[in-house]
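In what follows, a structure is listed as structure tokens, so that the remarks can point back to it.
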Amino acid sequence: MPVSDPAAIHETPILIVGGGPVGLGLAADLGWRGVDCLLIEQGDGTIYHPRANTVNSRTMEFCRRWGIAKEVRESGAPPDFPPTIVYATSLAGYELARIERPTHGGHRPLPTTPERSQRCNQIWFDPILRRLAESHSSARLRYNVRFESFAPVTDGVITTVTDLASGRREHIAARYLIDCSGGHAGIGKTLGIRQEGRPVLSYHLNIFLKIKELWNQHDKGKAAFYFFIDKGGDYGSLIEIDGNELWRIGVHGPEYRDEPSEEQIRSVIARCFGKAIPYEIISARRWVCRDLVADRFQAPPIFLAGDSVHQHAPSGGFGMNTGMGDAVDLGWKLAAAVAGWGGPGLLASYEAERRPVAQRNVGEATDNVMRSTDPALIEKIELPTPGGDAARKQIGKDIIENRAKTFISDGIALGYRYESPIVIPDGTPPPPDSVMEYHQTSRPGSRAPHAWLAEGRSTIDLFGKGFVLMRFGADAPNPAGLVVAARERGVPLEVVNVGNPAIAELYEQPLVLVRPDGHVAWRSAAAPGDPLAIIDRVRGA
Ligand SMILES: Cc1cc2nc3c(=O)[nH]c(=O)nc-3n(C[C@H](O)[C@H](O)[C@H](O)COP(=O)(O)OP(=O)(O)OC[C@H]3O[C@@H](n4cnc5c(N)ncnc54)[C@H](O)[C@@H]3O)c2cc1C
């Protein structure tokens, strides 16, 4: 790339394009690690319309690590707001089913995690991440700066950006470029990366509303979600945003391909409510539901994360959470590469670890959105007759049997695991991959289990900055070989001795090596014969 004035080139080791939750999460993680990075975002950071609500328990664990879990918990609905799902023909119509979510919301820890899933909309979540990132001096965030193009150079890329306030073009030289633009910056396209799947599953309209004490104006009680099915089939949803007066209606259909009229918007609201309820419209926005996973997540030194490489139906609330997993997988690997102890295979393992997770989550999200109701029952859904009662009862039964996993997905949140060249398998078979249930295991590749070491202190609080070698019981093998090998390679490693036999049992082996992202890299009953080989493998050498 011809740059006439080399002085006009700014430098950063890591340039992040896009300040949505994934870019912000990555900047926050790098900042927390003390790694220099620059994030550019074309907008000013204001969020006008609420998208993601569900911050799942794994993302909450990342927030715990970064010190913002309390703020996230306290930013959505009050802790006693029921996370309940109600299915009905409309707010004033027949109730069809009710799904309770025992692992969602509130503060009480679960046996498998200190952090329950929360409902904290991006209108609060993104600014919390932004404040976190900005609190670290090594993370710089520039708003109103648009990425335009990049050109590869020997030791990285040189990008061209526009400062939208001044209109000035600038160049930024970076060793690594991370696309967190939701795919909008066109970086993947330039690299020839293909999005596989269906670019259009359905057209949607979201209406953001203010309604005072809605729960006093119908008979379904307080709930986090109301889903509506009438004789036209599944037609919409109403979602609590702040547990007070903010709500979002969502409807779908080919008619929402085009901008809706005000009359159309009001008729959607009337159908969902089924009776006159006063409301104020804040905004209405169309969006397209997709089912896409990129065929590549990287073309080093460029890596792509979040919606840039996977776009989900929002059913299940997986999209942003999957992207946060990408950010955390990249964070420690980028830090290791910049620090010099990460081998070439470390960053290269990103795609092998994250693409299968994206495929699993996108597939599940699409399955969720495809579930529909038996047309023979739908015909009778609104009949005020015994036949109508019987149809509604059957529909309710089907919903509970087939749709609960849309809303209870602890296995999706916590049970994903990595099989990659930097994870050392121990020959044990993988546990069943369940959407709804999560069973803790220290099998290599899995999230290392949670147990309380002391009041308020979880095993997962040990993980984050470097590797941790967990050593269980007084008779556990001597870790000295691994400690010396890590020191020789400059890999940060801490040994933690745990005497509690219940935790030793949970961790299954007396030596368990946990990566900075909290996933198990290696475990064994004996000290390794060649500790350098273990350290080299897990650092991607
Ligand atoms: C209705 C709805 C409900 C949802 N609910 C959930 C949920 O409950 N849970 C969940 O996990 N997910 C949910 N999602 C999905 C979630 O919103 C997305 O997965 C998430 O926002 C993706 O984050 P991202 O940072 O990858 O991309 P984005 O949020 O799209 O952010 C990308 C950023 O990049 C910026 N950008 C783009 N181009 C450029 C450029 N050239 N230069 C500089 N900046 C640029 C954009 O301005 C934007 O700020 C929902 C989505 C929708 C539509």
Side-chain angles (χ1 to χ4, degrees), residues 1-31 35-48 51 122 126 129-130 133-134 138-195 292 294 296-311 319-320 323-324 326-327 330-331 334 338 347 350:
M1 162 188 277
V3 179
S4 48
D5 175 12
I9 302 182
H10 310 285
E11 281 186 28
T12 178
I14 302 162
L15 177 65
I16 302 165
V17 177
V22 176
L24 289 169
L26 179 57
D29 192 67
L30 289 167
V35 177
D36 286 339
C37 63
L38 169 65
L39 178 149
I40 55 166
E41 160 60 46
Q42 64 186 1
D44 66 1
T46 312
I47 301 170
Y48 297 97
R51 292 200 287 161
Q122 282 183 252
D126 290 13
L129 289 173
R130 176 178 175 174
E134 284 176 333
S138 61
R140 271 204 311 137
L141 277 60
R142 289 184 62 192
Y143 284 80
N144 299 307
V145 174
R146 190 174 61 215
F147 169 92
E148 305 289 355
S149 61
F150 71 90
V153 289
T154 328
D155 51 356
V157 290
I158 294 187
T159 58
T160 302
V161 307
T162 305
D163 180 323
L164 296 174
S166 64
R168 214 182 51 228
R169 288 260 161 145
E170 298 174 22
H171 301 286
I172 300 171
R175 201 164 138 200
Y176 300 102
L177 171 64
I178 318 297
D179 178 11
C180 301
S181 72
H184 301 293
I187 296 171
K189 224 178 238 173
T190 309
L191 292 167
I193 289 176
R194 281 186 307 116
Q195 301 284 342
L292 294 174
R296 282 182 295 144
F297 278 32
Q298 60 199 35
I302 300 171
F303 297 84
L304 300 90
D307 276 18
S308 291
V309 276
H310 42 77
Q311 292 197 42
M320 178 183 80
M324 295 303 285
D326 300 342
L330 273 175
L334 285 165
V338 170
L347 270 168
Y350 167 66

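Everything numeric here is computed off the predicted structure, so don't read it as measured data.
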Could you state the interatomic distance from [atom1] ([X]) to [atom2] ([Y]), rounded to the nearest 0.5 Å?
X      : Y      : atom1 : atom2 : value
Thr159 : Leu177 : OG1   : CG    : 6.5 Å
Leu38  : Ile172 : CG    : CD1   : 5.0 Å
Ile158 : Phe150 : CD1   : CZ    : 12.5 Å
Tyr176 : Leu347 : OH    : CG    : 5.5 Å
Ile178 : Leu26  : CD1   : CG    : 6.0 Å
Cys37  : Arg175 : SG    : CZ    : 14.0 Å

For [X], give me all partners under salt bridge (Lys or Arg N to Asp or Glu O under 4.0 Å), at least two apart in sequence or on another chain.
X      : value
Asp179 : none
Arg140 : none
Arg146 : Glu148
Glu11  : none

Just jot down the side-chain contact (heavy atoms from CB on, under 4.5 Å) partners of [X], sequence neighbours excluded, or say none.
X      : result
Asp326 : Ala305, Val309, His310, Tyr350, Arg354
Asp44  : Thr46, Tyr48, Asn144
Glu41  : Leu39, Tyr143

Exercise. Got Met324 and Leu129 here, is their nearest side-chain heavy-atom distance under 4.5 Å?
Worked result: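 The answer is yes, as the side chains (C-beta and beyond) meet within the 4.5 Å cut-off.
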For this session: Could you tell me whether the side chain of Leu334 reaches within less than 4.5 Å of the side chain of Val35, counting heavy atoms only?
Result: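 Result no, sub-4.5 Å side-chain heavy-atom pair not found.
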Exercise. Can you list the residues that meet the side-chain hydrogen bond (donor to acceptor under 3.5 Å, both in side chains) rule with Arg142, with sequence neighbours excluded?
Worked result: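 In terms of side-chain hydrogen bond (donor to acceptor under 3.5 Å, both in side chains), with neighbours along the sequence ignored, Arg142 is linked to Glu170.
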Problem set entry | For Gln195, side-chain hydrogen bond (donor to acceptor under 3.5 Å, both in side chains) partners two or more places apart |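 Here no residue qualifies.
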Problem set entry | Within 6.0 Å of CZ in Arg296, more than 12 heavy atoms from elsewhere |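 Atom CZ in Arg296 is packed in, count exceeds 12.
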Under 3.5 Å donor-acceptor pairs involving side-chain atoms of residues 13-24, not counting sequence neighbours:
none

For this session: Grab the two heavy atoms, one from Ala139 and one from Gly31, that are nearest each other, plus how far apart they are.
Result: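 Minimum heavy-atom contact is CB-CA, 4.1 Å.
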For this session: Might you point out which heavy atoms bring Leu304 and Gly188 nearest each other, and give the distance in Å?
Result: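 So the minimum-distance heavy-atom pair works out to CD2-CA, 3.7 Å.
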Exercise. Got a sec, which pairs hit side-chain hydrogen bond (donor to acceptor under 3.5 Å, both in side chains) with one end in residues 14-29, sequence neighbours left out?
Worked result: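 Pairs touching residues 14-29 that pass the test: Asp29-Arg33, Asp29-Trp66.
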Exercise. Are the side chain of Ser308 and the backbone of Gly182 linked by a donor-acceptor contact shorter than 3.5 Å?
Worked result: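 Side chain of Ser308 to backbone of Gly182, a donor-acceptor pair under 3.5 Å: yes, one is there.
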Exercise. Which pairs, with at least one residue in residues 15-24 and sequence neighbours excluded, count as a salt bridge (charged side-chain N to carboxylate O under 4.0 Å, His left out)?
Worked result: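 Listed by first then second residue: nothing to list.
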